[in-house]
Amino acid sequence: ILTLLISLLLPSMALAAQVGKITGLKGAVQFRTVDNIPYAPLKNGDVISEGNWIKTGDNGWVELTLEDRSKFTLANNTEFAVTSFLLTKNKREGAFDLAQGKLRVSVVKLAGRQSGMTVKSSTVVAGIKGTEFLMLAQGPANVFFGNEGTVAVSGDGKGPQQALTASTMTQNTRGITPLDPLKVEAGSPVAEARDIFDKITAAMPPAGWTDSGRISDIIARWNINHGHYLADSGKYNDALHVFQIALDLTKIPEIRADSLMERGAVYARFLRNPELALAEYL
C-alpha cells in the first residue's frame, strides 16, 4: 500500500511548482505535500510548493518567504495552504487558503507587472496586490486589520467588496458581505486585539503564547457593544451580523448567550418579528 501511495504521489509532487522557502520557524510546525494525507515535521529552509499545507501547533510559529520576497507569517494553531503561485516577467498570480488561525500577509509591490493574488477562508476572500494585513479565521468568522495598502475583502469573491486600508478593521461571518471598515482607535479593545496580533506575527516569534487565544474573545466582547450602537443607529442588519460574528468568534458561554439575546432583542424591538426573536431566545 505504501509503495502504491508513493507511486501515486510522486508525479504530482514532481509537477508542483516551487513557490518559496521557510525562512523562520519556532515550536511545533508541520506540513504535507497535498491535502488529505498525514502531516510531517517541517524544518527551517524547507522548500514549499503548490498544493502544500502548513500547520502550526500550540507553540508553533513559521515564516514563508515566496519567490517574489512576499511573506506569510503563521501564528500558533494555524492551518494554511498554498493553492497556486505564478511569477513571470509580466505578471504575478497566487491563491492561498487560511483554513483556521492567525496570519500576517506582507505582499511586495512589483512595478510593471500585472498582479492578482487572493487569500481566502471558507467564508471570505481577500484580493491583494502590494500590501500588508492581518487575517484571523475562527470557524465561519473572519477578522481583518489593515497595516499598509488596500485589501479588497468580500464574502465570496464575487459580491460587494470592502476596501480595507491602513489602521482600519473589518469582519464578517458565514459568507456575508463584510462590514464597513472602521478606524482602529487607540486605547480601544480592538486596538488591544490588534496589538496582540501584531506581536504574535512579528518578524520574531513571541516568547510565549499566553495572549494569542484572547484575540477572538476580545473582539467578540467588543462586538456586543458595537452591535448596540449599530442597532440604535438604525443599522439593524449590520447589528444582527455583528452579534452573529460575536457568537461565531468565541466559545465563552456568557458572550455567546449575550449575542443570542441581543439578536433576539433586535428582531423583537426593532424589526417587530416575534417568531425570529423567539428562535434566538430559545
Side-chain angles (χ1 to χ4, degrees), residues 58 75-79 98-103 121-124 134-145 153 155-156 162 164 168-197 199-200 208-282:
D58 292 342
N76 63 329
N77 296 317
T78 296
E79 192 169 14
L98 179 62
Q100 65 176 3
K102 298 169 282 289
L103 173 72
S121 74
S122 61
T123 55
V124 76
L134 308 174
M135 177 180 177
L136 178 150
Q138 178 77 27
N142 309 276
V143 180
F144 292 85
F145 292 101
V153 187
D156 59 3
Q162 297 288 8
L164 179 76
T168 67
M169 64 92 69
T170 187
Q171 51 184 336
N172 87 320
T173 192
R174 307 189 180 202
I176 302 172
T177 298
L179 295 160
D180 291 340
L182 294 175
K183 185 172 181 58
V184 178
E185 300 291 346
S188 66
V190 172
E192 179 187 3
R194 182 201 57 193
D195 291 344
I196 296 172
F197 208 150
K199 185 185 301 182
I200 65 175
W209 295 100
T210 305
D211 290 337
S212 67
R214 297 178 54 225
I215 295 172
S216 58
D217 294 336
I218 292 172
I219 297 172
R221 288 185 188 276
W222 177 82
N223 275 340
I224 300 298
N225 292 328
H226 184 50
H228 287 163
Y229 165 77
L230 291 171
D232 290 340
S233 301
K235 298 180 179 180
Y236 307 129
N237 287 331
D238 283 351
L240 290 170
H241 190 184
V242 165
F243 292 137
Q244 186 66 57
I245 295 171
L247 179 67
D248 292 338
L249 273 177
T250 185
K251 295 181 180 178
I252 296 178
E254 292 79 6
I255 303 178
R256 293 175 59 83
D258 284 348
S259 66
L260 290 167
M261 291 292 289
E262 297 296 346
R263 282 176 58 85
V266 171
Y267 281 125
R269 178 182 175 189
F270 297 109
L271 299 180
R272 300 291 189 268
N273 193 325
E275 290 82 6
L276 290 180
L278 180 59
E280 299 291 338
Y281 293 143
L282 288 176

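Computation of the quantities below employed the complete heavy-atom set of this structure, encompassing side-chain atoms and omitting hydrogens, waters and symmetry-equivalent molecules. Along the sequence shown, residues carry numbers from 1. Keep in mind it's a predicted model, so treat the numbers as computed, not measured.
Scanning both residues, Ile218 and Pro189, for their nearest heavy atoms gives CG2-O, 3.3 Å. Of all heavy-atom pairs between Tyr281 and Ala265, the closest is OH-N, 3.3 Å. Scanning both residues, Gly264 and Ala277, for their nearest heavy atoms gives O-CB, 3.4 Å. The heavy-atom pair separating Ala191 from Val184 by the smallest distance is CA-CG1, 3.6 Å. Smallest separation of non-hydrogen atoms from Gly227 and Val242: N-CG1, 3.8 Å. Between Glu280 and Leu260 the shortest heavy-atom distance is OE1-CD2, 3.4 Å.
Without hydrogens or angle criteria, Ser121 side chain to Ala137 main chain gives no donor-acceptor distance under 3.5 Å. Side-chain atoms of Thr250 come within 3.5 Å of backbone N or O of Ile252 as a donor-acceptor pair. A donor-acceptor distance shorter than 3.5 angstrom exists from the side chain of Ser233 to the backbone of Tyr229, with no hydrogens or angles considered.
Looking at heavy atoms from C-beta onward, Glu79 lies out of side-chain contact with Leu98 at the 4.5 angstrom threshold. Between Val143 and Ser216 the shortest side-chain heavy-atom distance does not fall below 4.5 Å. Val266 has its side chain within reach of Leu271: a pair of non-hydrogen atoms, C-beta onward, lies under 4.5 Å apart. With contacts defined as side-chain heavy-atom distances shorter than 4.5 Å, the pair Phe145/Asp195 does not qualify.
Atom CG of residue Asn142 and atom CD1 of residue Ile176 lie 11.0 Å apart, to the nearest 0.5 angstrom. A distance of 12.0 Å separates CG in Leu134 from CD1 in Ile196, rounded to the nearest 0.5 Å. Note: Leu179 CG to Gln162 CD = 7.5 Å, rounded to the nearest 0.5 Å. The distance from the CG atom of Leu249 to the CZ atom of Arg256 is 10.5 Å, given to the nearest 0.5 Å. The CD1 atom of Ile255 sits 3.5 Å away from atom CZ of Arg221, with the distance rounded to the nearest 0.5 Å. How far CD of Glu262 is from CG of Leu240: 10.5 Å, rounded to the nearest 0.5 Å.
A salt bridge between Asp217 and Arg214 is absent, with no side-chain N of the basic residue lying under 4.0 Å from a carboxylate O of the acidic one.
Put simply, the residue from Asn76, Asp58, Thr78 that forms a side chain to side chain donor-acceptor pair (under 3.5 Å) with Ser212 is Asn76.
Qualifying side chain to side chain contact (heavy atoms under 4.5 Å, CB included) partners for Lys251, counting only residues two or more places apart in sequence or in other chains: none.
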Take Trp209 and Ile200, measure what side-chain contact (heavy atoms from CB on, under 4.5 Å) needs, and give me the verdict at the end. CA-CA 8 Å; Trp209 295 100; Ile200 65 175; 3.6 Å; yes
Report the C-alpha separation of Lys102 and Phe197 in whole Å, then their side-chain angles, then the decisive distance to 0.1 Å, and conclude whether the side-chain contact (heavy atoms from CB on, under 4.5 Å) test is met. CA-CA 8 Å; Lys102 298 169 282 289; Phe197 208 150; 3.6 Å; yes
Steps toward side-chain contact (heavy atoms from CB on, under 4.5 Å) verdict (Gln244, Arg263): CA-CA 8 Å; Gln244 186 66 57; Arg263 282 176 58 85; 3.4 Å; yes
Worked verdict on Thr170 versus Asp180 for side chain to side chain donor-acceptor pair (under 3.5 Å): CA-CA 6 Å; Thr170 187; Asp180 291 340; over 6 Å; no
So Tyr236 and Leu230, side-chain contact (heavy atoms from CB on, under 4.5 Å) or not? Walk me through it. CA-CA 7 Å; Tyr236 307 129; Leu230 291 171; over 6 Å; no
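Atom CG of Asn237 has 12 or fewer neighbouring heavy atoms from other residues, nucleotides or ligands inside a 6.0 Å radius. When the shell of 6.0 Å around CZ of Arg194 is examined, it contains more than 12 heavy atoms from other residues, nucleotides or ligands.
Counting only residues at least two apart or in different chains, salt bridge (charged side-chain N to carboxylate O under 4.0 Å, His left out) contacts with residues 239-249 comprise Arg174-Asp248.
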